[in-house]
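Only this structure's heavy atoms are used, side chains among them; waters, hydrogens and symmetry mates stay out. This is a predicted model, so every value here is computed, not measured. Order of the sequence lines sets the chain letters (A, B, ...), proteins ahead of strands, with each chain counted from 1.
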There are 2 protein chains.
Amino acid sequence: MLMRAQALYLENATHPQARACACCEVRRGSLFGVLDASALDRIRAHVAAPQLKTGEYVYSRGESGGAVYTIRVGIVRFERTTEGGRRRILRMASRGDLIGQEALLDRPYGDDAVACTPVELCRIPASLVRELGDTQSTLRYELMNRWQRALDEAETWATELPAGSARRRVLKLLLLLARHADAEGRMWLPQRNEIGDMLDMTLETSSRQISQLRREGLIELLDTRQARVHLPALQAALQAEDA
Amino acid sequence: MLMRAQALYLENATHPQARACACCEVRRGSLFGVLDASALDRIRAHVAAPQLKTGEYVYSRGESGGAVYTIRVGIVRFERTTEGGRRRILRMASRGDLIGQEALLDRPYGDDAVACTPVELCRIPASLVRELGDTQSTLRYELMNRWQRALDEAETWATELPAGSARRRVLKLLLLLARHADAEGRMWLPQRNEIGDMLDMTLETSSRQISQLRREGLIELLDTRQARVHLPALQAALQAEDA
DNA sequence: CGAGCCGTTGAGGGGATTCAAGCTCAGTGG
DNA sequence: CCACTGAGCTTGAATCCCCTCAACGGCTCG
């Protein structure tokens with residue numbers, strides 16, 4: 001609610017979007033990766049490339065932003081607040097993901113989208129996507145794919161995370177987060193109270209669990225927010241827990 | 001896995017689908033409600049109207065069915081099984097809902113879809129929907145709407161249900177299920193072990209909670225599978241719980 | 001009428017919460 | 001330079017809620 005994406009970072013003063021799109025490392029595999037060069041030309045002028053710091057909001061629930069975003073760098077979490085006032089973290093998105101698709105239907109955003117790390121985005125007006133969708137069938141197909149991917153991710157979180165003991169849930173979460181790890185195997189580690197909001201436990205419990213896993217050598221804390229995990233050991237521990 | 005939708009119930013031997021579509025009470029507000037008469041004509045011959053009994057599978061996870069379904073009568077639940085072998089119920093669908101949309105992307109179904117009550121469906125081949133989508137922009141828009149609705153429903157379940165005490169979770173579930181109630185205010189009540197799989201608790205705990213709510217007069221058990229709830233009292237109890 | 005499923009209820013134990021204290025560390029200002 | 005502060009993390013002790021194990025009753029069906 002407090003901080004919102006406003007600042008528009010442009011890498012190059014003369015041809016800002018040309019650089020942002022043409023050189024984009026995530027274009028392949030991203031929403032507009034399916035477009036040809038002429039279509040890409042049309043969109044460049046309308047796409048902004050905001051940058052957010054940790055904790056800033058991409059958008060919040062109920063807001064009618066009129067734009068979708070692709071994530072170029074960083075990790076974004078989706079959260080909602082229950083009527084009782086408790087925060088729940090529903091799923092994560094990272095590089096290459098499309099978020100805020102509700103805007104294509106002229107609906108207000110359904111979740112709060114918050115930067116977990118410094119984040120670089122592409123902001124694409126919803127009207128532009130709709131317009132392109134009318135002529136480009138590949139874009140339509142890709143859009144439906146994105147929707148299904150989001151649904152799948154949400155259901156995976158809903159299936160795997162809320163069930164079982166605190167230890168099991170933490171292990172599962174670490175495995176899901178490890179999918180967003182960088183090339184050196186470092187992964188983003190949430191704060192203890194964030195873990196609590198993801199797994200419906202108190203911050204004390206999540207702290208105890210993380211500390212325990214650290215003592216067992218399954219996870220190595222680098223920075224406060226970064227860790228390296230031993231995947232095979234983690235999976236073994238999870239299986240032992242499920243048995 | 002065991003029982004699958006195969007039987008093709010036709011209400012009328014001469015013009016089966018003509019009746020199924022033209023007379024369909026849920027057409028307004030359903031996927032093909034946006035189509036005009038000529039488009040409706042084209043689809044009639046390809047749409048089947050299977051009926052399922054309680055507990056039968058519409059489809060199961062991993063299966064490549066090549067069709068989407070709209071629900072005409074009844075309630076369907078989506079479930080997945082964790083790697084540890086525990087069943088999790090993720091969300092519900094009822095009259096007017098579109099399910100199995102993954103098929104439009106040539107993907108296998110992502111969940112098991114199981115009849116909670118006797119169910120009547122329309123089975124629509126994915127190729128037919130894709131074909132119509134290429135020419136009918138209203139259908140495309142409606143499809144995206146359905147996708148977003150499914151995502152929203154999944155996130156609502158994920159937000160509201162797994163958090164808090166057993167009592168709070170049961171209250172929340174009853175409120176969500178009450179949205180599928182019929183005109184007389186009767187709602188479908190899951191078995192105790194189904195409630196357990198929805199809320200991650202044992203069947204004993206869910207039984208205790210339901211019994212307690214019955215004693216408090218917040219819920220009235222009619223049939224074994226049917227109940228009438230007192231919405232205002234339920235909401236008050238929930239607020240008291242959240243406070 | 002016995003078998004089996006489903007729901008209910010009780011007793012006991014264990015794991016998570018609650019309440020509380022102390023720790024590290026970064027930022028601030030005397 | 002260093003005390004001061006506050007945020008985030010860790011750990012301990014006591015309580016409580018839910019799970020586990022168990023027994024029993026109603027109901028349907030073979």
Polar atoms only, N or O, under 3.5 Å: list the protein pairs with nucleotides 26-28 of chain D and their distances.
none

Pairs under 3.5 Å (N/O, protein and nucleotides 24-28 of chain C):
none

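At a non-hydrogen distance threshold of 4.0 Å, B:R225 from residues 222-229 of chain B come into contact with DNA chain C.
Residue B:W188 holds its CH2 atom at 12.5 Å from CG of B:D223, rounded to the nearest 0.5 Å. B:L98 contributes atom CG, which lies 9.0 Å from atom CD1 of B:I71 (distance to the nearest 0.5 angstrom).
When the side chain to side chain donor-acceptor pair (under 3.5 Å) test is applied to A:W147, the partners found at least two apart in sequence or on another chain are B:Q148. Qualifying side chain to side chain donor-acceptor pair (under 3.5 Å) partners for A:R86, counting only residues two or more places apart in sequence or in other chains: A:D200. For A:R88, the salt bridge (Lys or Arg N to Asp or Glu O under 4.0 Å) test picks out no residue, with sequence neighbours left out. Under the side chain to side chain donor-acceptor pair (under 3.5 Å) criterion, A:S165 pairs with A:E241, not counting sequence neighbours. Residues satisfying the salt bridge (Lys or Arg N to Asp or Glu O under 4.0 Å) test with B:E153, not counting sequence neighbours, are B:R179. For A:E160, the salt bridge (Lys or Arg N to Asp or Glu O under 4.0 Å) test picks out A:K172, with sequence neighbours left out. In this structure, the side chain to side chain donor-acceptor pair (under 3.5 Å) partners of A:R80, at least two apart in sequence or on a different chain, are A:D111, B:D152, B:E155, B:T156.
Here the C1' atom of nucleotide D:dG6 and the CG atom of A:N193 are 15 Å apart, to the nearest Å. If you measure from atom CZ of B:R86 to atom C1' of D:dC19, you get 11 Å, rounded to the nearest angstrom. Rounding to whole angstrom units, CE of residue B:M201 and C1' of D:dC19 are separated by 12 Å. Between the CG atom of B:D197 and the C1' atom of D:dC19 there is a distance of 15 Å, given to the nearest Å.
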Given protein heavy atoms under 4.0 Å, the one-letter contact record of nucleotides 8-15 of chain C, with B base, S sugar-phosphate only and - none, is simply BBBB----
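Just one of A:F78, A:Y69, A:Y59 meets the ring-ring contact (aromatic ring centres under 6.0 Å, His included) condition when paired with A:Y109; it is A:Y59.
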Might you work through the side-chain contact (heavy atoms from CB on, under 4.5 Å) test for A:V114 and A:I89, ending with a clear yes or no? CA-CA 10 Å; A:V114 190; A:I89 296 176; over 6 Å; no
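Residues A:S60 and A:E63 have side chains that bring a donor and an acceptor to within less than 3.5 angstrom of each other.
Ion pairing between a basic and an acidic side chain is recognised when a charged N comes within 4.0 Å of a carboxylate O; B:R61 and B:D112 show no such pairing.
Put simply, the side chain of A:E79 does not reach to within 4.5 Å of the side chain of A:L90, judged on heavy atoms.
Note that the two end axes of the helix from C:dC1-D:dG30 to C:dG30-D:dC1 enclose an angle of 30°, each drawn from 5 base pairs, rounded to 10 degrees.
Heavy-atom neighbours of B:Q239 CD from other residues, nucleotides or ligands within 6.0 Å: at or below the threshold of 12.
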